[in-house]
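Report on the structure given below.
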Amino acid sequence: MRKYRGLFLREMYISRKTILGTAVAFVLVLIYAVMIGLSTRYGNLRNISEEAGVMLDMSKYMFIFLPAMMSSSFCSPSASVVSDRKCGWQKYCYTLPITAREFITFKFGMIALTLAAGFVISVLSSMATLAAFGESYKAWHLLIIVYSELMMSVMMFVSIPMSFFTKNTDISGMISVFIMYLPFVPAGFAIYNSSKRFLAEHDIEQMNDIPDELQRAWQDSLFRSIKDLFTVWWWAWALFFLLVAAVSVFVTKKLYDRRVC
């Protein structure tokens, strides 16, 4: 346990600037979300148009999604991999009494710890946001946090072996983000098909031509299609997550055993 404690303190020290910056940004976003929510009930946003009200309703979900993404990424174990290789610490690390199994356990344990802390923080912040908007907490809101955590976990799982392999945070970051969004491509097609059906049913040519009285119905149809997609195909997301995690652990161990510096 002393090994892991030392590695943990070192990881926190290396990531201190990222943690501080993410914390500040998280608090600012939360304050902004609460202020908008309160304004919709007691301020100037009470009297906005129906069309603007639809966009405001959609922003509530973004105020749940964004803080969840931020709180789940305040400490990325892949960042220290690149810095260690640049300064030569990784070569020194190979001489320490730390086995490949212990190294991998720590790195992926940090991901689990980060996601667990991010989940708790996200649930509390989303409760505050929805309370400001005057809404009760529902399973759909919790589902947004779960899927955002899955996205961040996939990105971090991919970024660790990619950071070993590429020696570049930009390249590993781009590849990680690309793989992170792959499972959510079907959601884009679902939104597109739902929009086409809605326009055809109401004999409307373009989305810009949707009248104000149909804005709410259009929003409901979009969210219903996304909910149905995630509800039916949740096992595919879980399978993708497990596959990425298994491949990441396997590749990271291989690279570590090869003493890639």
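Worth saying up front: this structure is predicted, and the values here are computed from it rather than measured.
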(Q) Less than 4.5 Å apart, side chain to side chain, heavy atoms only: is that true for I64 and L130? (A) yes
Q | Separation of M152 CE from T114 OG1 (nearest 0.5 Å) | A | 9.5 Å
Q | Interatomic distance, M69 atom CE to T22 atom OG1 [nearest 0.5 angstrom] | A | 12.0 Å
Q: Give a yes or no on whether L66 and V120 share a hydrophobic cluster (residues Ile, Leu, Val, Met, Phe, Trp, Tyr; joining criterion: side-chain heavy atoms under 4.5 Å apart).
A: no
Q | Test applied, side-chain contact (heavy atoms from CB on, under 4.5 Å); reference residue, M70; option that passes from I121, L30, V29 | A | V29
Q: Group every Ile, Leu, Val, Met, Phe, Trp and Tyr by side-chain heavy-atom contacts under 4.5 Å, then state whether L20 and M110 land in the same group.
A: no
Q: Might you point out which heavy atoms bring F26 and S125 nearest each other, and give the distance in Å?
A: CZ-CB, 3.6 Å
Q) Roughly how far apart are T105 OG1 and E102 CD, rounded to 0.5 Å? A) 7.5 Å
Q. Should F8 and F106 be marked as a ring pair (Phe, Tyr, Trp, His ring centres under 6.0 Å) after you check the CA-CA gap, both sets of side-chain angles, and the distance that decides it?
A. CA-CA 8 Å; F8 175 78; F106 170 75; 7.4 Å; no
**Q.** Common cluster, V27/L124, ILVMFWY with side-chain heavy-atom separation under 4.5 Å
**A.** no
Q | Shortest non-hydrogen separation from T40 to F133 and the atoms involved | A | OG1-CD2, 3.8 Å
Q: Drop me the distance from F157's CZ to L242's CG, to the nearest 0.5 angstrom.
A: 9.0 Å
(Q) Any side-chain to backbone donor/acceptor pair from T252 onto S248? Under 3.5 Å, distance only. (A) yes
Q | Y137 atom OH: more than 12 heavy-atom contacts under 6.0 Å | A | yes
Q) Where is the tightest heavy-atom contact between A132 and V34, given as atom of each residue plus distance? A) CB-O, 3.6 Å
Q: Give me the ring orientation class for Y32 and F63: parallel if the planes are under 30° apart, tilted from 30 to 60°, perpendicular past 60°.
A: perpendicular
Q. Nearest 0.5 Å, what's the CD1-NZ distance between I160 and K107?
A. 6.5 Å
Q) Hey, any chance I111 and L9 share a hydrophobic cluster, counting ILVMFWY side chains that come within less than 4.5 Å of each other, even indirectly? A) yes
Q: Report the distance from atom CD1 of I31 to atom CD1 of I36, rounding to the nearest 0.5 Å.
A: 12.5 Å
Q. Should we say atom CE of M35 is surrounded by more than 12 heavy atoms from elsewhere, each under 6.0 Å from it?
A. no
(Q) Counting C-beta onward and ignoring hydrogens, is there a side-chain heavy-atom pair between R197 and N193 closer than 4.5 Å? (A) yes
Q. Would Y61 and H141 satisfy side chain to side chain contact (heavy atoms under 4.5 Å, CB included), going step by step from the backbone distance to the final call?
A. CA-CA 8 Å; Y61 299 102; H141 301 133; 4.0 Å; yes
Q: Answer with yes or no whether the hydrophobic clustering places L182 together with F241; edges join I, L, V, M, F, W, Y residues whose side-chain heavy atoms lie under 4.5 Å apart.
A: yes
Show which side-chain atoms of residues 142-151 pair as donor or acceptor with protein atoms under 3.5 Å away, not counting sequence neighbours.
unit_1: Y147; atom_1: OH; unit_2: F230; atom_2: O; d: 3.2
unit_1: S148; atom_1: OG; unit_2: I144; atom_2: O; d: 3.3
unit_1: S148; atom_1: OG; unit_2: I145; atom_2: O; d: 2.7
unit_1: E149; atom_1: OE2; unit_2: S72; atom_2: OG; d: 2.5
unit_1: E149; atom_1: OE2; unit_2: F119; atom_2: N; d: 3.1

